[in-house]
S.K.: 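Here you go, one structure.
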There are 2 protein chains.
Amino acid sequence: MAEELFKALADPTRRTILDELADRSGQTLFEICGRLSMKHRLGLSRQAVSQHLAVLESAGLVETRREGRYKYHDLNTAPLRQITDRWPVPDPSRPEESTP
Amino acid sequence: MAEELFKALADPTRRTILDELADRSGQTLFEICGRLSMKHRLGLSRQAVSQHLAVLESAGLVETRREGRYKYHDLNTAPLRQITDRWPVPDPSRPEESTP
DNA sequence: TTGATAGGCAAGTCGTCACTTGCCTATGGT
DNA sequence: ACCATAGGCAAGTGACGACTTGCCTATCAA
């Protein structure tokens with residue numbers, strides 16, 4: 001599970017896809033292709049994006065729902081929690097000190 | 001910066017190294033090699049581990065300090081914060097609801 | 001039914017990455 | 001001075017991953 005999560009995050013295009021889904025949830029494959037092309041100047045084929053979405057879905061970061069011939073993609077950030085669960089990040093508001 | 005962070009996290013051996021540094025901070029290269037070999041049955045060469053540490057250091061996840069002929073490695077989880085800053089993770093204690 | 005739209009499957013190419021091997025530098029003990 | 005220990009540098013290899021190309025299926029509108 002962790003393996004797929006980190007593999008999914010390793011690619012910059014996939015991270016951009018997550019950004020776009022965070023900006024607007026429930027996009028179709030073609031909408032995502034358009035955003036990557038227009039906003040980020042990424043000239044990827046439709047299949048490339050589709051493969052990226054499959055990787056993100058297998059990591060649990062993207063969930064899909066079918067309606068007719070459309071397939072909508074939603075962001076799910078819950079899997080990211082296991083990262084900070086595994087390596088706790090100190091609170092920046094309390095710079096550094098041992099737990100009193 | 002983000003690129004190096006996620007690349008660093010992408011490899012399972014590097015994640016195990018982070019685990020070991022979280023368990024015991026300030027280890028030398030040889031100590032880490034020993035732990036990977038004994039606790040995780042990872043038969044890596046010393047150079048392989050050294051290269052992994054270099055990747056982790058360039059991501060800011062590991063910091064080093066030299067003392068004599070020893071080089072100690074310390075974990076720094078602060079860079080992980082940019083992950084949850086970029087894609088906010090919902091609080092699991094309040095399952096789901098719009099901010100009231 | 002035909003055509004257009006939205007998406008899926010599979011093989012092939014090319015580059016990147018993890019790891020090894022071999023040799024070199026530096027510090028410390030005796 | 002020696003030798004062992006701790007670490008670094010660089011080239012070579014093998015495998016995996018990103019992307020393309022080509023073809024196929026399914027839904028909806030005319």
Side-chain angles (χ1 to χ4, degrees), chain A residues 1-21 24-38 40-59 61-74, chain B residues 1-21 24-38 40-59 61-74:
Chain A
M1 193 83 195
E3 182 63 28
E4 290 174 322
L5 171 66
F6 290 105
K7 289 271 181 188
L9 292 173
D11 187 85
T13 302
R14 283 196 286 270
R15 295 196 296 271
T16 304
I17 291 175
L18 293 181
D19 290 337
E20 289 307 313
L21 289 178
R24 184 164 175 276
S25 195
Q27 295 187 62
T28 68
L29 172 60
F30 275 59
E31 287 181 274
I32 296 169
C33 284
R35 285 203 170 205
L36 292 178
S37 172
M38 302 299 292
H40 302 275
R41 304 292 166 188
L42 291 175
L44 295 166
S45 71
R46 177 179 55 84
Q47 280 75 4
V49 179
S50 179
Q51 287 167 9
H52 281 310
L53 286 169
V55 174
L56 290 169
E57 189 174 4
S58 77
L61 290 167
V62 164
E63 291 169 350
T64 62
R65 51 196 160 89
R66 254 225 132 99
E67 286 180 22
R69 59 176 160 174
Y70 299 104
K71 188 178 182 181
Y72 300 108
H73 301 263
D74 300 291
Chain B
M1 193 83 198
E3 182 65 28
E4 290 174 322
L5 171 66
F6 290 106
K7 289 271 182 187
L9 292 172
D11 187 86
T13 302
R14 282 195 288 269
R15 295 196 296 272
T16 304
I17 291 175
L18 293 181
D19 290 337
E20 289 308 313
L21 288 178
R24 185 163 176 276
S25 195
Q27 296 187 61
T28 68
L29 172 60
F30 275 60
E31 287 181 273
I32 297 169
C33 283
R35 284 204 171 204
L36 293 178
S37 172
M38 301 300 292
H40 302 276
R41 304 293 166 188
L42 290 174
L44 295 167
S45 72
R46 178 179 55 84
Q47 281 75 3
V49 179
S50 179
Q51 287 166 8
H52 281 310
L53 286 170
V55 174
L56 290 169
E57 188 173 4
S58 77
L61 289 167
V62 163
E63 290 168 351
T64 62
R65 51 196 159 88
R66 253 225 131 98
E67 286 180 22
R69 58 176 162 175
Y70 299 104
K71 188 177 182 183
Y72 300 108
H73 301 264
D74 299 291

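First the proteins, then the strands, lettered A, B, ... as listed; each starts at 1. Keep in mind the model is a prediction, meaning the values are calculated, not measured.
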S.K.: Checking side chain to side chain contact (heavy atoms under 4.5 Å, CB included) for the pair B:E20/B:I32: CA distance, chi angles, key distance, verdict?
M.R.: CA-CA 7 Å; B:E20 289 308 313; B:I32 297 169; 5.6 Å; no
S.K.: Measure the distance from CZ on A:R66 to C1' on D:dA26 and round it to the nearest whole Å.
M.R.: 7 Å
S.K.: Expressed in angstrom and rounded to an integer, what is the separation of A:E31 atom CD from C:dT5 atom P?
M.R.: 16 Å
S.K.: Give the rounded distance in Å between these two atoms: CZ of B:R69 and P of D:dA6.
M.R.: 6 Å
S.K.: Looking at A:R65, I'd like to know if its CZ atom is crowded, meaning that more than 12 non-hydrogen atoms belonging to other residues, nucleotides or ligands lie closer than 6.0 Å.
M.R.: yes
S.K.: Might you work through the side chain to side chain contact (heavy atoms under 4.5 Å, CB included) test for A:Y72 and A:T64, ending with a clear yes or no?
M.R.: CA-CA 5 Å; A:Y72 300 108; A:T64 62; over 6 Å; no
S.K.: Judged by atom type as modelled, is there a donor-acceptor pair below 3.5 Å linking the side chain of B:R15 to the main-chain atoms of B:A10?
M.R.: yes
S.K.: Whole-Å distance between C:dG8 C1' and A:Y70 OH?
M.R.: 17 Å
S.K.: Tell me which residues in residues 3-21 of chain B lie within less than 4.0 Å of DNA chain C, going by non-hydrogen atoms.
M.R.: B:K7, B:D11, B:T13, B:R14
S.K.: Any side-chain N or O of A:K71 under 4.0 Å from OP1/OP2 of D:dA26?
M.R.: no
S.K.: Between residues 42-58 of chain B and DNA chain D, which residues have a heavy-atom gap below 4.0 Å?
M.R.: B:R46, B:Q47, B:S50
S.K.: Could you walk me through whether A:L21 and A:L61 pass side chain to side chain contact (heavy atoms under 4.5 Å, CB included), step by step?
M.R.: CA-CA 10 Å; A:L21 289 178; A:L61 290 167; over 6 Å; no
S.K.: Quick check on side-chain contact (heavy atoms from CB on, under 4.5 Å): which of A:V55, A:L36, A:L42 does A:I17 satisfy it with?
M.R.: A:L36
S.K.: Atom CZ of B:F30 and atom P of D:dG8: how far apart are they, to the nearest Å?
M.R.: 10 Å
S.K.: Might you work through the side chain to side chain contact (heavy atoms under 4.5 Å, CB included) test for B:L29 and B:K71, ending with a clear yes or no?
M.R.: CA-CA 7 Å; B:L29 172 60; B:K71 188 177 182 183; over 6 Å; no
S.K.: Within the structure provided, determine whether B:V62 and B:L18 are in side-chain contact (heavy-atom separation under 4.5 Å).
M.R.: yes
